[in-house]
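As the structure is a computational prediction, the values presented were derived from the model and not from experiment. Hydrogens, waters and symmetry mates are skipped; everything else that's a heavy atom, side chains included, is used.
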Amino acid sequence: TGSGEVCTMLTLKNIHKVYKTGDIRYYLSDHIVIIGFDDATVSLVTQICNTPKYNKKHILIQSVESTEVVRDKIHEKLDGKQERRIVIFHARRDSLEELELLNTHKCSEIFIIGEENECEHDFMNIDCLKNLTDIHSRKHHNKKRIPTTVLFNEQSTFEMLQLNDISKL
């Protein structure tokens with residue numbers, strides 16, 4: 001084998017490794033962003049794939065969960081055509097740098113789900129929403145309102161937000 005073939009094999013191995021670990025980044029637009037992963041995420045992805053208004057849109061899932069675990073859980077519920085629409089990023093939702101890589105200013109909708117069995121789930125989801133708002137106003141000057149859904153685990157969080165003006169987030 002020539003050195004060119006060895007380099008090509010090593011490059012393909014590295015690309016495959018980066019893909020499997022969720023460290024590869026794509027520059028998507030008009031996509032759906034789901035931040036966090038738990039059992040509800042699988043149902044949400046299935047619903048999005050079966051809803052005509054989301055027809056053929058890529059679905060980007062950002063999670064701290066192992067990319068292989070996320071892929072396996074989704075694989076159980078989707079067919080191959082639907083599964084090809086899924087892109088998984090291994091990242092944290094409390095990192096401004098990693099949130100910026102989601103290209104949310106170019107997406108069509110955002111769902112902030114959070115991670116399974118974590119402490120301060122609701123606080124972290126609110127903080128994620130605040131960080132996304134800051135990114136959009138500071139970096140992208142985005143005038144377009146992007147529909148965003150935030151999942152809360154505690155009723156008291158929802159009640160507190162009803163009493164306050166969350167548009168200031």
I110 and its side chain to side chain contact (heavy atoms under 4.5 Å, CB included) partner, picked from L132, L60, T149: L132
Nearest 0.5 angstrom please: [X] [atom1] to [Y] [atom2], how far?
| X | Y | atom1 | atom2 | result |
| --- | --- | --- | --- | --- |
| K53 | I48 | NZ | CD1 | 9.5 Å |
| C49 | K57 | SG | NZ | 13.0 Å |
| I88 | I61 | CD1 | CD1 | 5.5 Å |
| N131 | L99 | CG | CG | 6.0 Å |
| Q62 | I112 | CD | CD1 | 10.0 Å |
| R84 | K56 | CZ | NZ | 12.0 Å |

Testing the basics here: between [X] and [Y], what is the closest heavy-atom pair and its distance to 0.1 Å?
| X | Y | result |
| --- | --- | --- |
| F152 | I126 | CE2-CG1, 3.6 Å |
| S108 | P147 | O-CD, 3.4 Å |
| H105 | I146 | CA-CD1, 4.1 Å |
| T104 | H136 | OG1-NE2, 2.6 Å |
| N55 | R85 | C-NH2, 4.4 Å |

Sidechain-backbone polar pair: [X] side chain, [Y] backbone, donor-acceptor under 3.5 Å:
| X | Y | value |
| --- | --- | --- |
| Q82 | D79 | yes |
| S95 | E98 | yes |
| D127 | F123 | no |
| H58 | D30 | no |
| N125 | L151 | yes |

Pairing residues for S66 by the side chain to side chain donor-acceptor pair (under 3.5 Å) criterion, not counting sequence neighbours: none
Partners of E116 by side chain to side chain donor-acceptor pair (under 3.5 Å), sequence neighbours excluded? none
L28 versus N103: any side-chain heavy-atom pair under 4.5 Å? no
Given the rule that I, L, V, M, F, W and Y join up when any side-chain heavy atoms are under 4.5 Å apart, are L96 and F89 in one cluster? yes
Identify whether L101 and V64 are in the same connected component of the hydrophobic contact network (ILVMFWY, side-chain heavy atoms under 4.5 Å). no
Only pairs under 3.5 Å count here: list side-chain donor-acceptor contacts from residues 31-45, not counting sequence neighbours, and write none if there are none.
from, atom 1, to, atom 2, distance (Å)
H31, NE2, L102, O, 3.0
D38, OD1, A40, N, 2.9
D38, OD1, T41, N, 3.2
D38, OD1, T41, OG1, 3.3
T41, OG1, D38, N, 3.0
T41, OG1, D38, O, 3.4

Under the side chain to side chain donor-acceptor pair (under 3.5 Å) test against S63, which residue among H90, E115, R92, R93 passes? E115
